[in-house]
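Below: one structure, written as C-alpha cells.
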Amino acid sequence: LYYQVLNFAMIVSSALMIWKGLIVITGSESPIVVVLSGSMEPAFHRGDLLFLTNFHDDPIRAGEIVVFKVEGRDIPIVHRVIKIHEKENGNIKFLTKGDNNEVDDRGLYIEGQNWLEKKDVVGRARGFLPYVGMVTIIMNDYPKFKVCI
Amino acid sequence: RKNVEDFTGPRERSDLGFVTFDITADILYGKNGLQTIFDWNVKQLFLYLSAEYSTKNNALNQVVLWDKIMLRGDNPRLFLKDMKSKYFFFDDGNGLKGNRNVTLTLSWNVVPNAGILPLVTGSGHVSVPFPDTYETTKSY
C-alpha cells in the first residue's frame with residue numbers, strides 16, 4: 001500500500017511539473033484552454049482544445065486569434081483581432097470579434113472600455129485539437145484545464 | 001472619406017474611410033504553387049483584407065476591412081468585384097486625410113483539422129492614397 005501511495009504521488013507531482021513547465025515555456029498563465037461557445041465557428045467548436053503562447057515580444061497583429069480576459073472577470077475569451085493601433089513606443093490597443101458573431105466584442109468589454117491592451121491577453125492560439133476538450137465540459141471541474149468561452 | 005463623430009476614441013471626431021475593392025486571388029501552396037492548399041488536414045481558410053498604415057498618432061495601424069471563410073471544398077480562386085468594406089474603417093484620430101500610403105493586403109489563417117494554426121500573407125498588395133479633403137455627402 002505504501003508503494004501505491006508513493007507511486008500515485010509521483011504521478012501527480014510529475015503531472016504538476018509538466019503543467020508548470022508548460023506555463024513557463026509558453027509564457028501564458030493558461031497555455032491550454034477549452035472552447036466553450038460557438039462564437040468562433042466553423043473554425044472552433046465547443047469542446048475543442050487550444051494551445052497558446054504568450055511571448056512578450058510577439059507583436060499583436062490583425063488576424064491573429066487571441067485569448068483574453070476582461071479586467072475583473074475570470075472568464076477567458078477566444079476571438080480574432082480585427083483592429084490594432086500601435087504607438088511608436090510599443091503601446092498597443094486592439095479590438096476583437098468572434099468569427100461567428102455579427103458585431104465586435106465591445107459589448108463584452110467593461111462599460112466604457114473600447115479597446116483591449118497587451119495586459120489583457122492570456123495568449124495567442126498557435127495550435128488546436130478538436131473534441132479533446134469535451135472531457136472537461138463533461139467533468140466540469142477537472143483541475144488541470146481552465147475553461148474558456 | 002469622411003470625418004465622423006466617433007464615440008469610441010478619446011476625441012470627438014475621427015476619420016472614417018470608405019474603400020471599394022476588387023479581389024482576384026489564387027490561394028496556392030507548395031513549391032510550384034501547384035498543390036492545392038486544401039490538403040487532408042485543412043478544414044478551412046479564414047481570409048481577411050487588412051489595411052495597414054502609419055499616422056502621426058500611431059506608428060502602426062491595422063484595420064480588417066473585410067473577411068470571408070473559405071471551407072474545404074470551396075474554390076481557392078477568388079474573383080470579387082466592387083466589394084465594399086464589411087467593417088467600419090475608423091482611424092484612431094484624423095490620420096487618413098492625405099495619407100498616401102495605406103496598404104491593403106490579403107492574408108489568411110489556415111485552420112487545420114488538428115495541429116498548428118499558421119497565418120499567411122498573400123504576396124500581392126495595393127497602396128491606396130487617401131484624398132486631402134473630406135467628402136461632405138456620399139451614398140455608400
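A, B, ... follow the sequence lines: proteins, then strands. Residue 1 opens every chain.
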* Asked: Which region of B:I116, side chain (C-beta onward) or backbone (N, CA, C, O), has a non-hydrogen atom less than 4.5 Å from a non-hydrogen atom of chain A, or is it both or neither?
  -> both

* Single-linkage hydrophobic cluster, 4.5 Å side-chain cutoff, A:I23 and A:I25 together -> no

* To do: Please flag which part of A:I65 lies under 4.5 Å from any non-hydrogen atom of chain B: side chain, backbone, both or neither.
  => side chain

* Structure fact -> Looking only at B:N58, B:V64, B:V63, B:L71, most heavy-atom pairs under 4.5 Å shared with chain A are made by B:N58

* Look up atom CG in A:L129 and atom CG in B:N113, then write down how far apart they are to the nearest 0.5 Å. => 11.0 Å

* Out of curiosity, B:N61 CG to A:I84 CD1, how far, rounded to the nearest 0.5 Å? -> 7.5 Å

* To do: Kindly work out whether a path of hydrophobic side-chain contacts (I/L/V/M/F/W/Y, heavy atoms less than 4.5 Å apart) joins A:L22 to A:I11.
  => no

* How many angstroms lie between CZ in A:F128 and NZ in B:K43, if you round to the nearest 0.5 Å? -> 3.5 Å

* Go through A:R61, A:R80, A:E64, A:R124 and name the one with the most non-hydrogen pairs under 4.5 angstrom from chain B. => A:R80

* To do: Answer yes or no: is there a donor N or O on one side and an acceptor on the other, between the side chain of A:K83 and the main chain of B:Q62, under 3.5 Å?
  => no

* Give the C-alpha distance, both sets of side-chain angles, the deciding distance and a yes or no for side-chain contact (heavy atoms from CB on, under 4.5 Å) between B:F46 and A:M40. => CA-CA 11 Å; B:F46 184 90; A:M40 283 295 282; over 6 Å; no

* Are A:F55 and A:V122 connected, step by step, through hydrophobic side chains (Ile, Leu, Val, Met, Phe, Trp, Tyr) whose heavy atoms are closer than 4.5 Å? -> no

* Do side-chain atoms of B:Y48 reach the backbone of A:A62 as a donor and acceptor pair under 3.5 angstrom? -> yes

* To do: Check A:G63 against B:N109 and note the closest heavy-atom contact, atom names and distance.
  => O-OD1, 4.4 Å

* To do: Examine A:V103 and A:L108 and state if one hydrophobic cluster contains both, with Ile, Leu, Val, Met, Phe, Trp and Tyr joined whenever side-chain heavy atoms are less than 4.5 Å apart.
  => no

* More than 12 foreign heavy atoms under 6.0 Å from NZ of B:K56: is that the case here? -> no

* Asked: Going from CG on A:D99 to CD1 on B:I69, what distance comes out if it is rounded to the nearest 0.5 angstrom?
  -> 5.0 Å

* Common cluster, A:M17/A:V12, ILVMFWY with side-chain heavy-atom separation under 4.5 Å -> no

* To do: May I ask you to check whether over 12 heavy atoms, not counting those of A:E71, lie within 6.0 Å of atom CD?
  => no

* With no hydrogens and no angle check, is any side-chain donor or acceptor of A:K87 less than 3.5 Å from a backbone partner on B:A59? -> no

* Asked: To the nearest 0.5 Å, what is the distance between CG (B:D67) and CD1 (A:I82)?
  -> 8.0 Å

